[in-house]
Amino acid sequence: MLADRRSRVARRISRSLAVASVLTAIAAHGPAHAAEPILQTEESDIVTLPPGGPHRVLVEDGVYRHSKDGRVYVVDLDTGRLLGMVQAAYNANMVADPAGKAFYVAETTWERGNRGKRHDILAAYDPRTLEQVADIDLPGRALITPKKPDMAIGADGHYVYVYDSSPTNAVHVYDTGLKSVVRTVDVPGCGLIFPWGNAGFSSICGDGSLANVQMDAKGAPTLTRTPPFFVPDRDPVFEHSPEVAASGHVWFISYSGLIYETTLGAQSSVAKPWSIQEAAGLKAASDTRAPFEVTWRPGGWQLAALRARDSHLFVLMHKGTFWTHKDAGSELWELDLKTHRLVRRIPLAARSMMVGVTQDAQSRIMLTDEAGDLMVLDGADGKPVRKIGALGDALIFTAAPGE
Amino acid sequence: MPVSFLDTLGEAVTRRLAARSSRRGVLGRVGAAIAVAPAFPLLPVRRADAAPATPAPTLTDFERRAQSTDPTKCNYWRHCAIDGVLCGCCGGGIHTCPPGTEPSPVSWIGTCRNPDDGRSYVIAYRDCCGRNICAAPKSCGCNTADREMPIYRPQASNDIIWCFGTASTAYHCSTAAIIGQAG
């Protein structure tokens with residue numbers, strides 16, 4: 001009897017609870033259900049980037065701790081967003097078409113990861129879809145911790161040049177229309193590529209001279225030499241000396257801080273050098289003849305950037321003896337290349353190995369630090385705009401539209 | 001016993017000195033000499049002290065900071081112009097490749113000063129090749145540049161991957177072997 005009564009009570013309680021929970025559910029969800037549509041099913045799709053502006057830049061990450069996994073990032077400096085990336089394996093190089101039609105990456109892989117047949121590759125990418133529009137084997141390429149002038153592109157984007165050093169110093173010429181390497185030009189005793197015009201380039205030679213190569217309509221090269229204009233054992237010029245490819249103007253910067261304005265061509269001409277330090281009201285820095293003098297000196301990797309529209313040069317500077325040319329900059333010096341005057345000294349929050357600059361009226365300066373951040377400064381006054389945190393591992397150089 | 005000539009002379013000098021000087025006079029003169037002496041710096045050590053406090057340096061920034069005890073650090077003296085990961089952090093040593101890798105038969109050349117003996121030595125920075133790059137702690141990744149040159153002077157450039165003539169051109173780490181005394 002007692003058991004029966006207990007079970008009746010339990011059933012009543014459970015019925016009451018069930019009714020209560022239904023009422024609660026209706027109260028909680030009923031009205032919202034009617035207002036919100038059921039979430040729609042989705043298709044997977046792929047971004048096609050809109051046409052880029054002057055602040056959409058390419059940044060190469062050498063990923064030094066895993067250099068087989070290098071990459072090139074497409075970055076929007078206005079939003080600080082990473083828009084996409086392409087592979088750039090093992091000491092890769094990259095250049096952008098001057099009109100923004102494509103960009104090119106020269107890289108190296110092995111069929112079995114770290115071994116097997118080696119492939120030196122040139123890939124061309126559509127800048128909006130980041131899809132490959134060409135992907136060819138190169139005859140070879142120099143394996144060097146990437147220097148920007150290991151690769152170059154002519155003023156009209158027709159030829160891409162890739163530097164090689166084995167078995168001899170040479171430049172492979174890639175025809176972007178034919179999508180193939182059309183010629184290899186020997187530059188004995190010389191290295192790097194500084195392009196001029198649509199079909200010419202110059203290389204720096206071990207004795208301080210220039211080798212100038214001009215190709216005719218059929219691509220046949222003629223090589224001329226410019227006499228030595230610096231003494232490498234005394235004061236070599238930096239590989240990362242900035243250039244305006246369209247006009248063939250290079251400002252070669254020496255380890256001590258001399259600037260040699262050079263107009264490249266079949267007969268390259270070099271102006272009398274001037275001193276960065278003297279432009280800043282200091283004594284010119286010593287060269288190897290007095291290597292222990294501690295003073296302000298240029299240094300870093302991509303240590304200088306040029307803003308062509310107003311001929312302003314940005315150079316990373318640090319204090320040290322001679323032979324500190326790879327030290328990161330603690331200040332960024334802005335110089336007027338026309339008046340040979342210092343415009344301003346910009347102290348940096350973090351030492352930087354790299355500086356880049358966009359070419360537009362509201363230009364942006366790009367710096368990095370040991371953590372792989374990309375710092376964006378206002379090109380007008382050097383004030384910070386934003387930090388793109390941990391963009392990569394080892395940001396080594398940049399390419400901005402129209403540079 | 002006859003008095004010697006020397007004794008007679010000594011007595012005469014002493015008596016004359018005693019007759020002409022007082023103890024106070026002697027003390028006064030000695031005191032004056034002590035007081036005035038610092039105004040006449042005569043010894044070379046004083047003149048050196050008066051020279052500029054920081055003499056002109058005769059070492060590079062690297063050489064001033066170099067040490068000779070820990071070869072797994074970038075400031076170890078032989079690493080004055082090394083670019084890469086130290087093989088000592090990767091299973092190898094200062095002139096030894098980690099197992100399974102292969103030393104490059106050619107290399108770039110540096111000249112480094114040993115702080116222990118003050119002598120300069122020629123260093124061959126041979127790469128160890130055949131594995132992907134050694135991902136050691138960042139403190140093992142070095143990029144120093146005493147007497148280092150751009151790649152258009154390749155024999156003194158440490159940015160070139162020196163894995164020429166090895167089975168694989170993949171770079172793994174860097175060593176710093178002494179190959180002679182410089183100069």
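Per chain, numbering begins at 1; letters A, B, ... match sequence-line order.
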Side chain / backbone / both / neither for A:Tyr90 at chain B, heavy atoms under 4.5 Å: side chain
Closest contact, heavy atoms only, B:Tyr152 versus A:Val237: OH-O, 2.7 Å
Part of A:Asp233 lying under 4.5 Å from any heavy atom of chain B: both
Spacing of CG belonging to B:Asn158 relative to OG1 belonging to A:Thr145, to within rounding of 0.5 Å: 7.5 Å
Side chain / backbone / both / neither for A:Asp150 at chain B, heavy atoms under 4.5 Å: side chain
Per-residue contact mode, B:Ala136 against chain A (heavy atom under 4.5 angstrom): backbone
Greatest number of heavy atom pairs closer than 4.5 Å to chain A - which of B:Ala167, B:Cys163, B:Pro150, B:Ala81: B:Pro150
B:Arg153 versus A:Pro232, closest heavy-atom pair with distance: NH1-CB, 3.0 Å
Student check: side-chain heavy atoms of B:Asn143 and A:Trp301 closer than 4.5 Å: yes
Proximal to chain A - members of residues 96-110 of chain B, heavy-atom separation under 4.5 Å: none
Contact winner vs chain A - B:Val85, B:Ile133, B:Ile160, B:Thr144, heavy-atom pairs under 4.5 Å: B:Ile133
NZ on A:Lys147 to CG on B:Asp159, rounded to 0.5 Å: 3.5 Å
For A:Trp110 against B:Ala170, the heavy-atom pair lying closest together: CZ2-N, 3.6 Å
Closest-packed option against chain B by number of heavy-atom pairs under 4.5 Å, given A:Gly191, A:Gly320, A:Pro291, A:Gly189: A:Gly320
Top of A:Pro236, A:Gly113, A:Ser67, A:Gly116 for chain B proximity - count of heavy-atom pairs under 4.5 angstrom: A:Pro236
N-O pairing of A:Arg297 and B:Asp61 below 4.0 Å: no
Shortest non-hydrogen separation from A:His66 to B:Ala135 and the atoms involved: CE1-CB, 3.8 Å
A:Lys319, part contacting chain B, at a heavy-atom distance under 4.5 Å: backbone
Heavy-atom proximity to chain B below 4.5 Å, by part of A:Thr324: side chain
Atom pair NZ (A:Lys326) and SG (B:Cys142), whose distance is rounded to the nearest 0.5 Å: 11.5 Å
B:Glu63/A:Thr321 under side-chain contact (heavy atoms from CB on, under 4.5 Å): CA gap, chis, key distance, verdict: CA-CA 10 Å; B:Glu63 287 166 343; A:Thr321 57; over 6 Å; no
When B:Ala145, B:Ala156, B:Ser168 are compared by non-hydrogen pairs under 4.5 Å with chain A, the top option: B:Ala145
Best-contacting candidate, B:Thr60, B:Asp83, B:Thr169, against chain A by heavy atom pairs under 4.5 angstrom: B:Thr169
Intermediate values then yes/no, side-chain contact (heavy atoms from CB on, under 4.5 Å), A:Phe292 and B:Arg64: CA-CA 10 Å; A:Phe292 309 123; B:Arg64 272 204 307 282; 6.0 Å; no
Verdict with supporting geometry, A:Leu143 and B:Tyr171, side-chain contact (heavy atoms from CB on, under 4.5 Å): CA-CA 10 Å; A:Leu143 292 183; B:Tyr171 166 85; over 6 Å; no
Nearest heavy-atom neighbours spanning B:Arg131 and A:Asn114: CA-ND2, 3.7 Å
Closest non-hydrogen atom pair, B:Lys138 against A:Glu370: NZ-O, 3.1 Å
